[in-house]
Structures are given as structure tokens and as C-alpha cells.
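Heads up: the structure comes next, in C-alpha cells.
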Amino acid sequence: MDNKTILGIISIILGILIIAFPLASNFIFSVLLGISFLILGIYYLMIGCSFWKYSKASSIIYLLIGILSVILALNLMFSILGFEIFVGFYFYLVGFMLLISGIIRLITSSVKSASLLSIILGILMIILGAFALLSPVYVAILIGISVIAEGIDLLISRDF
């Protein structure tokens, strides 16, 4: 077995586990995302402190981003609700961007099918955002389905 097949099988198993244990998986995702924001926040705080003698304006911006990242990290690490809101906001943001992009392309482009697809994907992302804000179980199911789909893609794709 090659590496892609092994990764595909692991992805499918992981996706099934995520769907089977939604709250535990959301807690794990929330903590991991919180840790990554904490590391990012600490990095920006260090950059902000080291830039102080060169540019006070950029240093203040780095410090503010660092403080906000640490606050977000602590919220994500100790609250599944924070993760749920974060994912829901992400879906809404991507959905609105796709919707606006599709409308602009529909007006300006001669290829209408791609524009309509972008509008449909935008609406679907907004709906997924609403589901993500309703319950963390929906977030786990969406993440699990995407991991399973990635595993299936790894299993059936061939390198030519």
C-alpha cells in the first residue's frame, strides 16, 4: 500500500470518529485552534515589543493583534461555543464573499454557469453557517463529512 491509500483510510476512519463523537471532536478542534492562536498571539506580542524602537505605530498594531489573538485563543481553548461561533462566522464570511463574487461575475462575465455556481455555493455556505451556529454537532458533522470526502478522494485519485 502506498502513502495515499494509508492516508485515505486514516481520513475516512477519522471522519467517522468525528461524526460519532461530535462534542469530543469539537472540543479537540477548539483546543487545537486555541493553541495555534495562542502561539500566533505570543509571536505578535514579541514582534510588537521588538519593533518598538523602529516604529511605534507598527509596534502598537502588532501588540493589538497579539492581545486579540491571545484573547481569542483563551476563548477557543476553554469554550466550545467560541469554536462554534468562529466556524459559523467563517461559513457566513465565505458564503457572502462567494455570493457577492457570483453576482459581480454574473453582471460582468459572459460565462453565466460559473457565476451561478458561485451564487449557489455562497447560499449553501450561508446555510452551513446558520447550522454551525445552531449546534456544535452540526460543525462536527460538517468537518467529519469533509474529512471522509478527502479520504475517499485520496483513495480514488491516481497520479499520472
Side-chain angles (χ1 to χ4, degrees), residues 1-47 65-66 68-106 109-160:
M1 282 196 338
D2 64 340
N3 288 339
K4 282 178 57 174
T5 304
I6 294 169
L7 285 175
I9 293 169
I10 291 172
S11 292
I12 292 171
I13 292 169
L14 185 61
I16 292 169
L17 288 173
I18 290 170
I19 292 172
F21 303 104
L23 292 178
S25 61
N26 274 357
F27 176 73
I28 291 169
F29 290 138
S30 182
V31 169
L32 290 175
L33 188 62
I35 290 170
S36 66
F37 271 107
L38 183 64
I39 292 169
L40 182 69
I42 291 170
Y43 171 75
Y44 278 128
L45 288 172
M46 290 175 15
I47 293 293
I65 292 172
L68 289 174
S69 293
V70 169
I71 291 170
L72 180 62
L74 294 175
N75 187 25
L76 288 171
M77 287 171 43
F78 299 112
S79 170
I80 292 179
L81 179 63
F83 178 69
E84 182 181 334
I85 292 170
F86 187 79
V87 171
F89 177 72
Y90 171 77
F91 281 137
Y92 275 129
L93 184 65
V94 170
F96 281 119
M97 289 172 55
L98 281 170
L99 194 60
I100 291 169
S101 169
I103 291 170
I104 291 171
R105 283 195 287 172
L106 190 63
S109 176
S110 61
V111 182
K112 303 295 183 198
S113 61
S115 304
L116 290 174
L117 181 63
S118 181
I119 291 172
I120 291 169
L121 286 174
I123 292 168
L124 286 174
M125 290 298 285
I126 291 169
I127 292 169
L128 290 176
F131 278 126
L133 289 175
L134 288 176
S135 172
V137 173
Y138 291 119
V139 174
I141 291 170
L142 293 171
I143 293 171
I145 290 171
S146 69
V147 171
I148 290 172
E150 184 68 30
I152 291 170
D153 182 50
L154 283 170
L155 287 175
I156 63 174
S157 67
R158 299 284 180 236
D159 291 332
F160 294 104

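Everything numeric here is computed off the predicted structure, so don't read it as measured data.
- Distance check: Ser36 OG to Leu76 CG gives 8.0 Å after rounding to the nearest 0.5 Å.
- Here CD of Glu150 is found 10.5 Å from CG of Leu155. Values are rounded to the nearest 0.5 Å.
- In this structure, CG in Leu68 is found 12.0 Å from CG in Asn75, a value given to the nearest 0.5 Å.
- For Ile152, the side chain to side chain contact (heavy atoms under 4.5 Å, CB included) test picks out Ile12, Ile148, Ile156, with sequence neighbours left out.
- Contact detail for Ala73 and Gly34: the closest heavy-atom pair is CB-O, 3.1 Å.
- At least one side-chain heavy atom of Phe21 sits less than 4.5 Å from a side-chain heavy atom of Leu17.
- Scored by the side chain to side chain contact (heavy atoms under 4.5 Å, CB included) test, Ile28 finds Leu32 as partners (sequence neighbours excluded).
- Heavy atoms only, all atoms of each residue included: Ser11 and Gly151 are closest at CB-CA, 3.5 Å.
- With sequence neighbours excluded, no residue forms a ring pair (Phe, Tyr, Trp, His ring centres under 6.0 Å) with Phe29.
- By the side chain to side chain contact (heavy atoms under 4.5 Å, CB included) test, Val70 pairs with Leu38, Leu45, Leu74, sequence neighbours left out.
- With sequence neighbours excluded, no residue satisfies ring pair (Phe, Tyr, Trp, His ring centres under 6.0 Å) with Phe27.
- Every side chain to side chain contact (heavy atoms under 4.5 Å, CB included) that Ile65 has, sequence neighbours left out, goes to Tyr44, Ile61, Ser69.
- The CD1 atom of Ile18 lies 11.5 Å from the CD1 atom of Ile141; values are rounded to the nearest 0.5 Å.
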